[in-house]
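All values derive from a computational prediction rather than experimental measurement.
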Amino acid sequence: MTVTLLSRAGTMTLSADPGQSLLDLVRAREGLPIHAPCGGQGTCGKCTVYLVDGRGETPVLACRTPARDGMVVRLPDAAPLCVESAASTDAPVVPDGGQEGFGVACDIGTTTVVCHLMDLATGRCLATVGEGNAQRSYGGDVIARIKASMEGRRSALTCAIVDQLSRMIGALCRHAGIETAEVRKMAVAANTTMLHLFAALPPDGMGAAPFTPVSLFGDEWDAKALGLPFEGSVYLLPAVSGYVGGDITADLLAAGLAHEDRPVLLIDVGTNGEMALGCGDYFVCCSTAAGPAFEGAQICCGMAAAAGAVSQVEYRDGEVRCSVIGGGEAVGLCGSGLIDAMAVMLRLGAVDETGRMLDIEEDEDEIPEEALPYLFLWQDSPAFRLSEKVWVTQADVRKLQLGKGAIAAGVRVLMDAYGVGFEGVSALLLAGGFGNYIRPESAARIGLIPAELLSVTRPVGNTAAKGAQMALLSSAAREELARLQKNMDYRELSGLPAFNEAYMEAMMFPEEE
């Protein structure tokens, strides 16, 4: 049977199997826009498509709608993600002598993928491309993708990322005016799950305790054997554990923390909440299951950081003001906007320290005057309106509490393990594309990061991509990565009483001083 798909790319007719979901049908066609943060479980509501007939259009969830012969389906336009590619400057490392040709440095994030074309002789960055990760239709976080792998979709996940990287390499070469055959090597930084899926290794062992990976990498692979379109080697940056990956060792390398003489705390805020604390030749590290709220997933009006997303919220001149990516009307809320919005709600007294949002009917006499215009009931539950189409619900607040509580508790455990107080930490670095857009003041206000470290907090951008650049060009950088891997003391937090205690405390919002 056949299904007609209507999208920005045009009209196409696809063959469908009986009982096949529309989500699986679209997944099988590279480049079509569809996003399923929950991995097709029917819980996030983000894979909405529209059935078209003579009466108009009917919205349905693609993961819950079986294909039928003759069906006409419109895919909503998907705005391109805002991809952090600040590492597109020349790499801060002296390239090994005697190198010729070109190389590609890549950061495979759970949400986005960034690739840089580098001149191997000079270290110059010639071109950069960034896209949303093609695996996003299989889930918004690594847990969902591990589950998809265990359900028999590992090959599809591997093909999705390999095909995407091959296409991105081709785009880089066209932009720089070179042939793909002139690419000699590649270096890839990614979390441990992404590395497994790229290398066609099963990530299934990381789906349950003791979270055992097949490999911790730090070695070279053959590009053609991986399915890439050039002859050469691919260096996969070393991971530390199943949930502290090569992106974190790349962060530490790029930030130069092995050369610091006072402890530095680095946090990659995201679904995994990976972090490391230390300096010189000793670091403690961990990963917390922060959940997908920071990526805008499983949030009522949540979306990725794309055009139309509220990215910043502030209360100024007596009103709530929102900044929207790309300008124009707000249609959703991304992670940085959610953190800002939470800080504003706390400031206005719309939410108390327990995370309870005041009810416009039950708590009318207690609601501060500044918060009153923004509170309303949505589906019989309190909500806080940011714009005509965007609001934050009580359930959203609870999901944010889970995420920020996990990261804050992880910080507490690391500091205790390292034996240092706030006064002993010289800097707090917010790594990753998302970390670059977080307003530190808002993060401190909601308790995501310690208020005591606010004065030494700074975003460092996509240091994973910069670390991949360094590893691509320099054998000395790869040797330092190997030392970092050996010098990192991983702490597994699941079942750790100290973490559980800190987590319960960190769920609360700090009282305003």
Please tell me if the side chains of Ile267 and Leu428 come closer than 4.5 Å, counting only heavy atoms from C-beta onward.
-> yes
To the nearest 0.5 Å, what is the distance between CG (Asn487) and OG1 (Thr249)?
-> 12.0 Å
Are Leu165 and Ile108 close enough, and set up right, to give a side chain to side chain contact (heavy atoms under 4.5 Å, CB included), and what steps lead you there?
-> CA-CA 9 Å; Leu165 289 177; Ile108 304 177; 3.9 Å; yes
Any Phe198 side-chain heavy atom under 4.5 Å of Leu236 side chain = yes
Would you check if Asp247 and Met194 make a side-chain contact, meaning some heavy-atom pair closer than 4.5 Å?
-> no
Any side-chain heavy atom of Asn133 within less than 4.5 Å of one from Ile161?
-> yes
Please check if the side chain of Gln164 supplies one atom and the backbone of Ala134 the other of a donor-acceptor pair under 3.5 Å.
-> yes
Leu197 CG to Arg145 CZ distance, which is reported to the nearest 0.5 Å = 8.0 Å
CZ (Phe217) and CD (Gln485) are apart, to the nearest 0.5 Å, by 11.0 Å
Would Ile407 and Met275 count as a side chain to side chain contact (heavy atoms under 4.5 Å, CB included) if you check the C-alpha gap in whole Å, the side-chain angles of each, and the deciding distance to 0.1 Å?
-> CA-CA 9 Å; Ile407 289 177; Met275 62 190 76; 4.0 Å; yes
Salt bridge flag under 4.0 Å for residues Lys399 and Asp396 | no
List the atom of Asp204, the atom of Ser149, and the distance in Å for their closest heavy-atom pair.
-> OD1-OG, 2.9 Å
Run through Ile438, Ile299, Leu400, Thr111 and flag the one making a side chain to side chain contact (heavy atoms under 4.5 Å, CB included) with Phe294.
-> Leu400
Can you check whether Gly40's main-chain N or O pairs, donor with acceptor, with Arg64's side chain at less than 3.5 Å?
-> yes
Check the pair Ser215 / Leu201 against side chain to side chain contact (heavy atoms under 4.5 Å, CB included), numbers first and verdict last.
-> CA-CA 8 Å; Ser215 174; Leu201 299 178; 4.2 Å; yes
Spell out, as yes or no, whether a donor-acceptor pair under 3.5 Å connects the side chain of Glu274 to the backbone of Asp268.
-> no
Under a 4.5 Å cut-off applied to non-hydrogen side-chain atoms, are Cys300 and Trp391 in contact?
-> yes
Among Leu51, Val26, Thr65, find the one that has a side chain to side chain contact (heavy atoms under 4.5 Å, CB included) with Val73.
-> Leu51
Taking all non-hydrogen atoms of both residues, which atom of Ala67 and which atom of Ala16 are closest, and how far apart?
-> CB-CB, 3.9 Å
Distance flag, aromatic centroids of Tyr490 and Tyr243, threshold under 6.0 Å = no
Is there a side-chain contact between Thr288 and Phe499 (heavy atoms, below 4.5 Å)?
-> yes
Any donor-acceptor N or O pair under 3.5 Å, side chains Gln401, Arg398 = yes
Look only at the side chain of Arg491 and the backbone of Cys286, and say whether a donor-acceptor pair between them is shorter than 3.5 Å.
-> no
Between Ser474 and Met470, is there a donor-acceptor pair closer than 3.5 Å when you use the side chain of the first and the backbone of the second?
-> no
Does any donor atom in the side chain of Ser381 or Gln379 lie under 3.5 Å from an acceptor atom in the other side chain?
-> no
Taking all non-hydrogen atoms of both residues, which atom of Gly245 and which atom of Thr192 are closest, and how far apart?
-> CA-OG1, 3.4 Å
Considering residues, nucleotides and ligands other than Arg68, do more than 12 of their heavy atoms fall under 6.0 Å from its CZ?
-> no
Over 12 non-hydrogen atoms of neighbours within 6.0 angstrom of NZ in Lys486 | no
In this structure, are over 12 heavy atoms from other groups packed under 6.0 Å from Met1 atom CE?
-> yes
Rounded to the nearest 0.5 angstrom, the CZ-CG distance for Arg478 and Asp219 is 12.0 Å
Rounded distance (nearest 0.5 Å) linking atom SG of Cys106 with atom CG of Leu117 = 12.0 Å
Please check if the side chain of Asn462 supplies one atom and the backbone of Ala465 the other of a donor-acceptor pair under 3.5 Å.
-> yes
In this structure, CZ of Phe283 is separated from CE of Met488 (nearest 0.5 Å) by 7.5 Å
Going by heavy atoms in the side chains, are Lys185 and Tyr235 under 4.5 Å from each other?
-> no
Audit row: Leu237, Leu253, side chain to side chain contact (heavy atoms under 4.5 Å, CB included) steps and yes/no = CA-CA 11 Å; Leu237 273 70; Leu253 173 70; 5.5 Å; no
Do Tyr437 and Ser311 have side chains that get closer than 4.5 Å, going by heavy atoms?
-> no
Say whether, by atom type as modelled, one donor and one acceptor occur between the side chain of Glu505 and the main chain of Gly405 under 3.5 angstrom.
-> no
